[in-house]
Each structure stands twice: as structure tokens, then as C-alpha cells.
Amino acid sequence: MIDWILALPLEFSGDSAFAMSKSITIFGILIESLGIFFNTKADKYIQIFFENANTDYADARYLHHLLAIQEKLPVWREARLPPPRVSQSEYDKVGLTLLQWIWAAAHGAQACLVFPYIVPLMPEIFRMSELNDSPELQVYSSAVLYVLSAVSPPAEYVPAVLNDFASAIKSSQSWRIRLHALPALVVFFYRNLLSISEEGAAQIMDVLLECLGDENVEVREMASKALSGVVRCSQRQSILPLKDRFVTLTRKIILPPRRDPSYPESLRSLHSAILGLCALIESLPYSVEPWIPSLTEAVLAPHATDPPPISTTVRKCASEFKKTHQDTWHKDQFMFNEDQLQSLSTMLVGTSYYA
């Protein structure tokens, strides 16, 4: 049976993806079944698959020499064809091969073993996620980032993966890369919480705080959600210092008239501080800390009528607070005085829920 399977022709340039993938699929099953016993025959087939990584049919591609291809990807990226022929570019075809290989490997029982090969490729995967002219490549790259963030790598690779996420977010000129990388970074943080050092946790906090001030509002809002989750599960000692930092920033910034050249920058900075405060409140969804009532009255409520996106952020925070404290409000309301309850109503734009 083994000899019969090994004798099957492996074609990579036929007219039918099904006909080509048929023998390759059987061959792949044989490799998985034999495991280490296939090693004596592996060199021959590694070369065959490596040379045909750019076949026109993604389902028929497999890849073993990842590191060798990594060196060529930047060159291929510069030589991509213009739409509508972009999918025929060497970069797109080989890139899709990589992503589908990683996707399949990350769902297996030995998923953690792919990290030695994946870590060097992560910067390129982040670049693929911003290619608007290649939806398939963009979707697969984003999906691969998510699935990799949910796989626990060997402990020695945790700092490297964490550093790749942080570097991609901080150094990228594309807001889409930051937007796609932030959720994956947080999932990776949750999954590997016990393996991340204090320096690694501080690195993540720095990334999130920097993204709170991003020029793109979607990135700022995503960073706020991520900050809330990270603080809730591991960084509660940072709540009060962060609160003081954000409160100081809100008091320092006064929005100028809309026609003032400094208006966009002031709006962005103020919004980042409000998002930070809302993230801290949302990190404690089932309790009312002593500092929350005064914060809502003195800081958040006065900004409930500011221009969007500040006002929408304040209202959303109040609505989320209302939702998570609904079952215990008969006790929680006594943490607020009458003025503070009125401030909560103001944040909810006239809602009388707290009255």
C-alpha cells in the first residue's frame, strides 16, 4: 500500500485542482500516519513541494522550506502584479500557501511545534493583513493571527511572539495592521498569562496606552477594549495610577474651536483619556469601587455633551455600566450621592434609570 501511494504521480500544473489535490491529499495522509518513519524518504519530497509552492491552485500547495521562502517574500511583494491580476503574483500565491499550511498545522495535535518556523514569518503575515486588493490573502492572514494567538507555544517562544506583536503594532504605518493585531495580542496574552514575565506585561501595557492615542478612532476604541481586559485579569495594581494619569490629561486639555488648527489633536488626546477611564470602569464590571462615583461626576459627566466620538464613548460607558450593575443596583446605588446619580443620568442622556 505504501509503495502504491508513493508511486502516485504528483502533478502541480494540471487543469483541475481536484485531480491534483487527490494524490497530494492521500500522500499527506501517508506522511501523517508514518510520522518519523517517513524521515528517510522526506528529503526527496521536500524538494518537490518546495519547487511547486507557487502552483495556481491554493488547495494543491504545501510548503516545508518556510525559512527559505521567507527571504524571497519581500522581493516578491515589491513585484506584485496590479489588479485584477494580483492573485497571479508570486507573492500572493506563495503567501496563500504559507497561510493555509499554518492554518492546517495550527489545528493539529502538534500545533505548538510550528512556532519555530512561524515566528520569523510573523512580520510578513502582518503585512499581508493590510492588502485590500487581495481579499483572500487578507482574510487568511487575519485568521492565522487569531488561531496562532490561541495556541500556546513552547515557553521559550513566548517573548519572541510577544515582541513581534508589539513591534508590528508600534512600528506599522498602517492602522489596519494595528487594528487586526490588537485583538490577537490580547488573546495571546490571556492564553499565555502564566508564561509572560513582568517585563512582557509592561510591554503590552505600553502598546495599549500608545494605541489609545492612535490617529484612527477604531484603533483607539479597540485599544480601550483590550486595556479593560488586560487590567481585569492581571494588572489591577495599575488601576489607580492609570486613573490619575487619565484624569490629569482630561483636566489639562481644553477643546478649542473647531476651526482652530489644534482642534483635531486636542480632540484625539481628550478622547484617548476618556477611553482610558472608561476602560478602567469596564474592567470592574460587577463592583463599584470607591473612586467610580466621584469620577463619573467630576470627569465623565461633564464630557457627555462633547463632540463625537467623546460623547458617544461616555454614553456607551454609562450604558455598559447600567447593564452590568442592573442585578445589584439595589445595593450599588448607595455608593452614589444624589449629585452623582444625576451625573450618571446625564451620561445616559436623560435616562432616569438611576433616579
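Computed from a prediction, not measured in an experiment: that's the story for all the values here.
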Same apolar cluster (I L V M F W Y, side chains within < 4.5 Å links), V288/W291: yes
R80 side chain vs V86 backbone, donor-acceptor pair below 3.5 Å: no
Check: P308 main-chain N/O paired with T312 side-chain donor or acceptor under 3.5 Å: no
Short side-chain donor-acceptor distance under 3.5 Å, S311 and H303: no
Trace of the side chain to side chain contact (heavy atoms under 4.5 Å, CB included) decision for L284 with R236: CA-CA 9 Å; L284 303 162; R236 295 203 172 196; 3.6 Å; yes
Donor-acceptor contact present, side-chain S319 to main-chain R315, <3.5 Å: no
Value rounded to 0.5 Å, distance of CD in E221 from SG in C278: 10.5 Å
Short side-chain to backbone donor-acceptor contact, T296 and P293, under 3.5 Å: yes
Heavy-atom neighbours of E156 CD exceed 12 at 6.0 Å: yes
Value rounded to 0.5 Å, distance of CG in N163 from OH in Y157: 15.0 Å
Pair W329 + F336: ring centers closer than 6.0 Å: yes
By ring-ring contact (aromatic ring centres under 6.0 Å, His included) - contacts of F126 (at least two apart): F165
Gap separating the CD1 atom of I196 from the OG atom of S234, nearest 0.5 angstrom: 8.0 Å
Heavy-atom side-chain proximity of L295 to L280 below 4.5 angstrom: no
Hydrophobic cluster identity match, Y263 and L270, side-chain contacts under 4.5 Å: yes
Residue pair S269 / I253: nearest heavy atoms and the distance that separates them: CB-CD1, 3.3 Å
Main-chain N/O of F188 paired with N192 side-chain donor or acceptor, under 3.5 Å: yes
Atom pair CG (L348) and NZ (K316), whose distance is rounded to the nearest 0.5 Å: 14.5 Å
Derivation of the side chain to side chain contact (heavy atoms under 4.5 Å, CB included) call for I125 and L98: CA-CA 9 Å; I125 295 175; L98 282 170; over 6 Å; no
Flag, side chain of S287 to backbone of E289, donor-acceptor distance under 3.5 Å: no
E198, CD: over 12 other non-hydrogen atoms inside 6.0 angstrom: no
Same apolar cluster: V161 and L193, side chain cutoff 4.5 Å: yes
In one Ile/Leu/Val/Met/Phe/Trp/Tyr side-chain cluster, 4.5 Å: L137, W103: yes
D306 side, atom CG; I274 side, atom CD1 - distance, nearest 0.5 Å: 7.5 Å
Note, V299 side chain near L277 side chain (heavy atom, < 4.5 Å): yes
E282 backbone acceptor or donor facing R232 side chain under 3.5 Å: yes
From L267 atom CG to E265 atom CD, the distance as rounded to the nearest 0.5 Å: 10.0 Å
Q138 and S129: side chain donor to acceptor below 3.5 Å: no
Within one Ile-Leu-Val-Met-Phe-Trp-Tyr cluster: Y146 and M222, side-chain cutoff 4.5 Å: no
Any donor-acceptor N/O pair, R178 side chain to S172 backbone, under 3.5 Å: yes
Pair E297, N337: side-chain N/O donor-acceptor within cut-off below 3.5 Å: no
Intermediate values then yes/no, salt bridge (Lys or Arg N to Asp or Glu O under 4.0 Å), R268 and E215: CA-CA 7 Å; R268 179 172 61 84; E215 293 182 357; 5.4 Å; no
Modelled atom types, side-chain donor and acceptor of D92 and S87, under 3.5 Å: no
Donor-acceptor pair, side chain of R220 and main chain of G213, under 3.5 angstrom: no
Side-chain (S228) to main-chain (S224) donor-acceptor, under 3.5 angstrom: no
